[in-house]
Amino acid sequence: MRQKRDAPLRSDAQRNRERILEAALEELTLCADAPLSVIARKAGVGQGTLYRNFPSREALVLEIYRHEMHQVADAATELIRTHEPDRALRAWMDHLARFAMTKAGLADAIRQATSTPGSPEKPGHTPVTTAAELLLRTNEEAGTIRPGVTGDDFVLAIAGLWQLDPHGDWQPRATRLLDLVMDGLRAGAPGTKEH
């Protein structure tokens, strides 16, 4: 009996899928060209199980990308709950920088998976843009940033993060870049306090 496409996975099948994603994230972060056989072995599953879950390398890479983007986006909600709005925004920016630098191999794998003719399009930054919108609106309501900045504006403003060398001393440069962006967001804010 074939499982319906949208039916929930059995618990063992779900565990296999999660192990594959964890192993793939680890291996692809280290090396964009990590063989699928190595990923399957590290996940403790056969190649057939890997291909049942992810029919192609591209499908696996894009699922990891979606998952990681959601993780970064979910951090925004937690930071808003536990920090003042402007501190939450700045902490989230640091989180995003760490993600960009530590997942450089994954970024290369995504470029490879989406750059050949007929391959799927690279997914947008939608969860990240949505999280940025949440943080920006929270700060706007608190009067800690200038009004009218959109999530798309924010993503463009921090795009320089992806130009940094993840193998070099990226942290001081990322901090300076993100401090500049934060200073720009604060300029003209109705309730800005000196920090």
Side-chain angles (χ1 to χ4, degrees), residues 6 8-9 11 14-26 28-29 60-107 109-110 122-164 166 169-195:
D6 296 331
L9 294 173
S11 62
Q14 183 61 38
R15 279 192 303 277
N16 283 342
R17 183 177 173 82
E18 288 166 5
R19 284 200 316 264
I20 293 167
L21 287 170
E22 285 171 22
L25 174 60
E26 191 174 322
L28 292 171
T29 296
L60 175 59
V61 168
L62 294 178
E63 181 60 27
I64 292 168
Y65 178 81
R66 276 190 285 278
H67 179 264
E68 290 298 297
M69 286 292 100
H70 282 288
Q71 295 290 100
V72 170
D74 290 347
T77 306
E78 179 62 19
L79 287 166
I80 286 171
R81 196 177 64 68
T82 58
H83 293 72
E84 292 296 316
D86 59 337
R87 302 234 184 251
L89 176 58
R90 188 60 183 83
W92 187 73
M93 291 163 73
D94 287 336
H95 186 81
L96 193 56
R98 277 191 308 279
F99 170 79
M101 294 300 103
T102 60
K103 308 297 186 200
L106 178 58
I110 291 162
K122 180 179 176 186
H125 293 103
T126 305
V128 170
T129 305
T130 302
E133 283 287 348
L134 173 64
L135 286 157
L136 293 168
R137 296 301 66 84
T138 301
N139 275 275
E140 196 173 306
E141 289 166 16
T144 53
I145 65 167
R146 67 186 334 145
V149 179
T150 68
D152 287 332
D153 295 338
F154 176 83
V155 169
L156 283 172
I158 63 161
L161 283 176
W162 283 268
Q163 304 305 312
L164 299 177
D169 189 19
W170 61 266
Q171 288 177 312
R173 291 195 74 190
T175 298
R176 282 194 309 275
L177 173 69
L178 296 177
D179 284 345
L180 281 169
V181 171
M182 196 68 199
D183 289 347
L185 290 169
R186 286 186 178 122
T192 301
K193 297 176 237 160
E194 289 301 315
H195 292 279

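Just so it is clear, the values below take in all heavy atoms, side chains as well, and ignore hydrogens, waters and symmetry mates.
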task = List for me each residue that meets side chain to side chain donor-acceptor pair (under 3.5 Å) alongside Q171, sequence neighbours excluded, and say none if there are none.
result = none
task = Answer yes when E63 and R66 have at least one side-chain N-carboxylate O distance shorter than 4.0 Å, and no when they do not.
result = yes
message = Pair L185, D86 - check side chain to side chain contact (heavy atoms under 4.5 Å, CB included), show working.
response = CA-CA 10 Å; L185 290 169; D86 59 337; over 6 Å; no
task = State the CZ-CG distance between R186 and N139, to the nearest 0.5 angstrom.
result = 8.5 Å
ask   = With side chains defined as the heavy atoms from C-beta onward, is the minimum distance between R90 and D179 less than 4.5 Å?
value = yes
key: Within-4.5 Å side-chain heavy-atom neighbours: L89 and T144   = no
ask   = Taking all atoms of both residues into account, what is the closest heavy-atom pair of P127 and A73, and its distance?
value = O-CB, 3.3 Å
query = Going from CD1 on I64 to OG1 on T29, what distance comes out if it is rounded to the nearest 0.5 angstrom?
reply = 7.5 Å
message = Quick check: closest heavy atoms across R146 and A187, and the distance to 0.1 Å?
response = CB-O, 3.3 Å
query = Which atoms form the tightest heavy-atom contact between P166 and M101, and what is the distance?
reply = CB-O, 3.3 Å
task = Check salt bridge (Lys or Arg N to Asp or Glu O under 4.0 Å) between E141 and all other residues, then give those that pass, not counting sequence neighbours.
result = none
query = Between CD1 of I145 and CE of M182, what distance do you get to the nearest 0.5 Å?
reply = 7.0 Å
key: Over 12 foreign heavy atoms within 6.0 Å of CZ, R137   = yes
inquiry  = Is any side-chain heavy atom of E133 closer than 4.5 Å to one of F154?
reply    = no
message = Is any side-chain heavy atom of T130 closer than 4.5 Å to one of L134?
response = no
query = Hey, what do you get for CE (M69) to OG1 (T129), rounding to the nearest 0.5 Å?
reply = 9.5 Å
Side-chain heavy-atom pair L161, M93 within 4.5 angstrom cut-off = no
Heavy atoms of other groups near H67 NE2, more than 12 under 6.0 Å = no
ask   = Between atom CG of L96 and atom CD1 of I158, what is the distance when rounded to the nearest 0.5 Å?
value = 4.0 Å
message = Using the rule given for salt bridge (Lys or Arg N to Asp or Glu O under 4.0 Å), can you reason through E22 versus R19, listing the C-alpha separation, both sets of side-chain angles and the distance that settles it, and then say yes or no?
response = CA-CA 5 Å; E22 285 171 22; R19 284 200 316 264; over 6 Å; no
inquiry  = Show the nearest heavy-atom pair for residues E140 and V149, with the distance to one decimal.
reply    = OE1-N, 4.4 Å
message = Can you give me the closest heavy-atom contact between G188 and P147, atom names plus distance?
response = O-CD, 4.3 Å
request  = For V72 and W92, work out which heavy atoms get closest and say how close.
outcome  = O-NE1, 2.8 Å
ask   = Out of curiosity, D94 CG to L178 CG, how far, rounded to the nearest 0.5 Å?
value = 6.0 Å
